[in-house]
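So the structure is just underneath, and the comments pick up after that.
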Amino acid sequence: MSPSKVPKEIRDFVARFLPSVEHLETFIVLQRNTMRSWSASDISQELRIPESTAADLLERLASDNFLDVKISNEILYRFNPATAALEAASARCAEFYVRERIAMMNTVMAAAIGPMHDFAEAFRIKKGKSDG
């Protein structure tokens with residue numbers, strides 16, 4: 001399934017909240033384990049990514065109101081969207097991920113590449129007709 005065939009609401013959700021495959025995978029791990037609190041170290045080990053990257057991903061998801069944050073000996077995060085609308089959109093996104101994992105990853109990558117492509121195009125030297 002190409003990204004253009006992914007439902008618009010999923011594409012919009014990805015564009016707004018999931019700017020990378022790492023964000024997507026972190027989101028899915030947290031969404032599937034709503035009763036568990038996770039540290040950056042836990043996510044790092046689960047996804048085999050650097051702990052600093054995991055911390056950044058968790059902070060972004062927390063700032064987007066998907067996570068409760070608890071500070072004890074370490075900072076812990078638990079999936080708990082702040083609104084019913086975020087909860088419903090999260091569930092739809094996770095359900096789509098289960099059915100169409102590759103399409104979902106392609107959608108994330110396409111959303112990330114779009115702005116980079118636009119930026120690169122702004123600097124491309126275009127050949128035109130010469131006046132002489």
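Bear in mind that the values here come from a model prediction, so they are computed numbers and not experimental data. Only heavy atoms go into these numbers, but all of them, side chains included; no hydrogens, no water, no symmetry mates.
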Between [X] and [Y], is any pair of side-chain heavy atoms under 4.5 Å apart?
{"X": "Met109", "Y": "Val21", "answer": "yes"}
{"X": "Cys93", "Y": "Leu18", "answer": "yes"}
{"X": "Arg78", "Y": "Leu30", "answer": "no"}
{"X": "Ser90", "Y": "Phe66", "answer": "yes"}
{"X": "Glu25", "Y": "Glu46", "answer": "no"}
{"X": "Val6", "Y": "Glu100", "answer": "no"}

Spell out, as yes or no, whether a donor-acceptor pair under 3.5 Å connects the side chain of Asp42 to the backbone of Ser39.
-> yes
Measure from the side-chain N and O atoms of Ser44 to the backbone N and O of Ala54, and report whether any donor-acceptor pair falls under 3.5 Å.
-> no
When clusters are formed by joining ILVMFWY residues with side-chain heavy atoms under 4.5 Å apart, either directly or through shared neighbours, do [X] and [Y] land in the same one?
{"X": "Leu57", "Y": "Ile71", "value": "yes"}
{"X": "Leu47", "Y": "Val108", "value": "yes"}
{"X": "Phe79", "Y": "Leu76", "value": "no"}

Considering only NZ, NE, NH1 and NH2 on the basic side and carboxylate oxygens on the acidic side, decide whether Arg60 and Asp64 come within less than 4.0 Å.
-> yes
Are Asp12 and Lys8 ion-paired here, with the side-chain N under 4.0 Å from a carboxylate O?
-> yes
About how many Å separate [atom2] of [Y] and [atom1] of [X], when rounded to the nearest 0.5 Å?
{"X": "Asp56", "Y": "Glu22", "atom1": "CG", "atom2": "CD", "result": "11.0 Å"}
{"X": "Leu61", "Y": "Ile43", "atom1": "CG", "atom2": "CD1", "result": "9.0 Å"}
{"X": "Lys5", "Y": "Arg11", "atom1": "NZ", "atom2": "CZ", "result": "12.0 Å"}
{"X": "Asn65", "Y": "Phe17", "atom1": "CG", "atom2": "CZ", "result": "8.0 Å"}

Have Gln31 and Tyr97 got a donor and an acceptor in their side chains that come within less than 3.5 Å?
-> no
Taking atom types as modelled, find out whether Thr26 and His23 have a side-chain donor-acceptor pair closer than 3.5 angstrom.
-> no
Over all heavy atoms of both residues, which pair between Ala62 and Leu67 is shortest? Give the atoms and the distance, please.
-> N-CD1, 3.8 Å
Assess whether atom CZ of Arg16 is packed by more than 12 heavy atoms of other residues, nucleotides or ligands within 6.0 Å.
-> no
Worked verdict on Phe13 versus Phe96 for ring pair (Phe, Tyr, Trp, His ring centres under 6.0 Å) = CA-CA 12 Å; Phe13 186 89; Phe96 187 80; over 10 Å; no
Kindly determine whether Leu24 and Met104 satisfy side-chain contact (heavy atoms from CB on, under 4.5 Å), including the steps that lead there.
-> CA-CA 9 Å; Leu24 170 63; Met104 186 67 155; 3.8 Å; yes
Tell me, with the steps shown, if Arg32 and Val98 meet side-chain contact (heavy atoms from CB on, under 4.5 Å).
-> CA-CA 11 Å; Arg32 287 182 175 168; Val98 169; 3.6 Å; yes
